[in-house]
2 protein chains.
Amino acid sequence: MDSKTKTRMTYQRQVILEELAKVTSHPTAYDLHKMVNKRLPKISLGTVYRNLELLSESNEIQRLDVSGHQRRFDANAKDHHHIRCIHCSRVDDLPIDTTSVLEDIVFRTSEYTVLGHKIEFYGICPECKVKEQKHQEKDDISKDKNKSKTRR
Amino acid sequence: MDSKTKTRMTYQRQVILEELAKVTSHPTAYDLHKMVNKRLPKISLGTVYRNLELLSESNEIQRLDVSGHQRRFDANAKDHHHIRCIHCSRVDDLPIDTTSVLEDIVFRTSEYTVLGHKIEFYGICPECKVKEQKHQEKDDISKDKNKSKTRR
DNA sequence: TCCTTATTAGTAATGATTACTATTACTAAT
DNA sequence: ATTAGTAATAGTAATCATTACTAATAAGGA
Ligand SMILES: [Mn+2]
Ligand SMILES: [Mn+2]
Ligand SMILES: [Zn+2]
Ligand SMILES: [Zn+2]
């Protein structure tokens, strides 16, 4: 948690990373535990969760928080879109180059029958922006070795 | 569950609907239970969940399955987009008219600092399409008083 | 008013994720 | 190589949101 904690490359972490990289199926933590378990029969589900969390925080992998469904993980850390089957919950990549994202574009790029899509924006609400500014001021008084935290 | 079940308008259901309609805050089931509880001190959380489920199935309200967060409900059943604050998890409406949805459009329409967005398409994968067709064939043999289930 | 049965309150169960804790094992300094 | 410090682990308990169960209640049509 400190800024000067050294993360160690454990064998467990390495195997988790390797097994995730082998597949394009966006497995859940549980799926991955089953996979890794074949090589490390003693590894615990908690270890898989913790490492997936760490790896995604350090941007080596990507966490997919699928609306209303179980969390999934992706060895491809680059930002890209996904499509989920409403029947079997399978998740696949969507090889579209962002921005001009319309359903008929997907229709041409994917084997799926597209039924719809959901866009979720995220950001900082006006209230929190004010709070953030106040904190910034306090920090600026004590020390000011921070990179630019806020944008725009 | 049967096709000929008659739903009854209970007082609980009515109050849940009324209280949800009063706010624009996209409350969770728990939030709504607290609100409704003031008028109906004996109502249980399960009843709130069940009715919110029923009401959204009959399209009187809308379920918002926010990625990685608690489910929320919206008295406005019309399809529209939302924005969520990464700090306080508050969810607000996004008054944009779909299709040409880019972050800078949001930037002009919302008070939020937009940090990004996530698009989730949903549909039917090729595998499931095949299965669906097989079921269709079986159904067609026995009886064929079905509306068109599959599109495209 | 009287049935039928959808719905309820209360509570238990489930499932995903996180927290805890004693033990293990990297890593760097002696 | 030995030791000390401390990340990380296995195993398990706890938490949180949601769903399931069940005996009792109450819509609402006859
Ligand atoms: Mn992917
Ligand atoms: Mn809304
Ligand atoms: Zn499918
Ligand atoms: Zn906020």
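Each chain gets a letter, A, B and so on, in the order its sequence line appears, and its residues count up from 1.
Summary of helix geometry: the two end axes of the helix from C:dT1-D:dA30 to C:dT30-D:dA1, each defined by five base pairs via their C1' atoms, are inclined to each other by 30° (rounded to 10°).
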(request) Determine, for nucleotides 13-30 of chain C in 5'-to-3' order, which nucleotides have protein heavy atoms under 4.0 Å from the base (write B), from only the sugar-phosphate (write S), or from neither (write -). (result) ---SBB------BB----
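By the salt bridge (charged side-chain N to carboxylate O under 4.0 Å, His left out) test, A:R72 pairs with no residue at all, sequence neighbours left out. Residues passing the side chain to side chain contact (heavy atoms under 4.5 Å, CB included) test with A:F73 are A:L20, A:A29, A:L52, A:I61, A:R63, A:R71, sequence neighbours excluded. Listed by chain and residue number, B:T47 satisfy the side-chain hydrogen bond (donor to acceptor under 3.5 Å, both in side chains) test with B:S44 (two or more places apart in sequence, or in another chain). Every side chain to side chain contact (heavy atoms under 4.5 Å, CB included) that A:N76 has, sequence neighbours left out, goes to A:D74, A:K78, A:H80. Considering only residues two or more places apart in sequence or on other chains, B:D31 meets the side chain to side chain contact (heavy atoms under 4.5 Å, CB included) condition with B:P27, B:T28, B:K34. Under the rule for a side-chain hydrogen bond (donor to acceptor under 3.5 Å, both in side chains), A:H33 has no partner lying at least two apart in sequence or in another chain.
Atoms CG (B:L52) and C1' (C:dT8) sit 15 Å apart, rounded to a whole Å. Rounding to whole angstrom units, CG of residue B:L32 and C1' of D:dT18 are separated by 15 Å. Across the protein-nucleic acid pair, A:Q14 atom CD and D:dA8 atom P stand 14 Å apart, rounded to whole Å. The distance between atom CG of B:L40 and atom C1' of C:dT7, rounded to the nearest whole Å, is 14 Å. Atom CG of B:N51 and atom P of C:dA6 are 15 Å apart (whole Å). Counting to the nearest Å, the C1' atom of C:dA9 and the CG atom of B:N37 are 12 Å from each other.
Sorted by first and then second residue, the salt bridge (Lys or Arg N to Asp or Glu O under 4.0 Å) pairs involving residues 9-21 of chain A (not counting sequence neighbours) are A:E18-A:R39, A:E19-A:K22, A:E19-A:R39.
If you chain together hydrophobic residues whose side chains sit under 4.5 Å apart, B:I43 and B:Y49 never meet in one group.
Side-chain nitrogen and oxygen atoms of B:S44 include none within less than 4.0 Å of the OP1 or OP2 phosphate oxygen of C:dT8.
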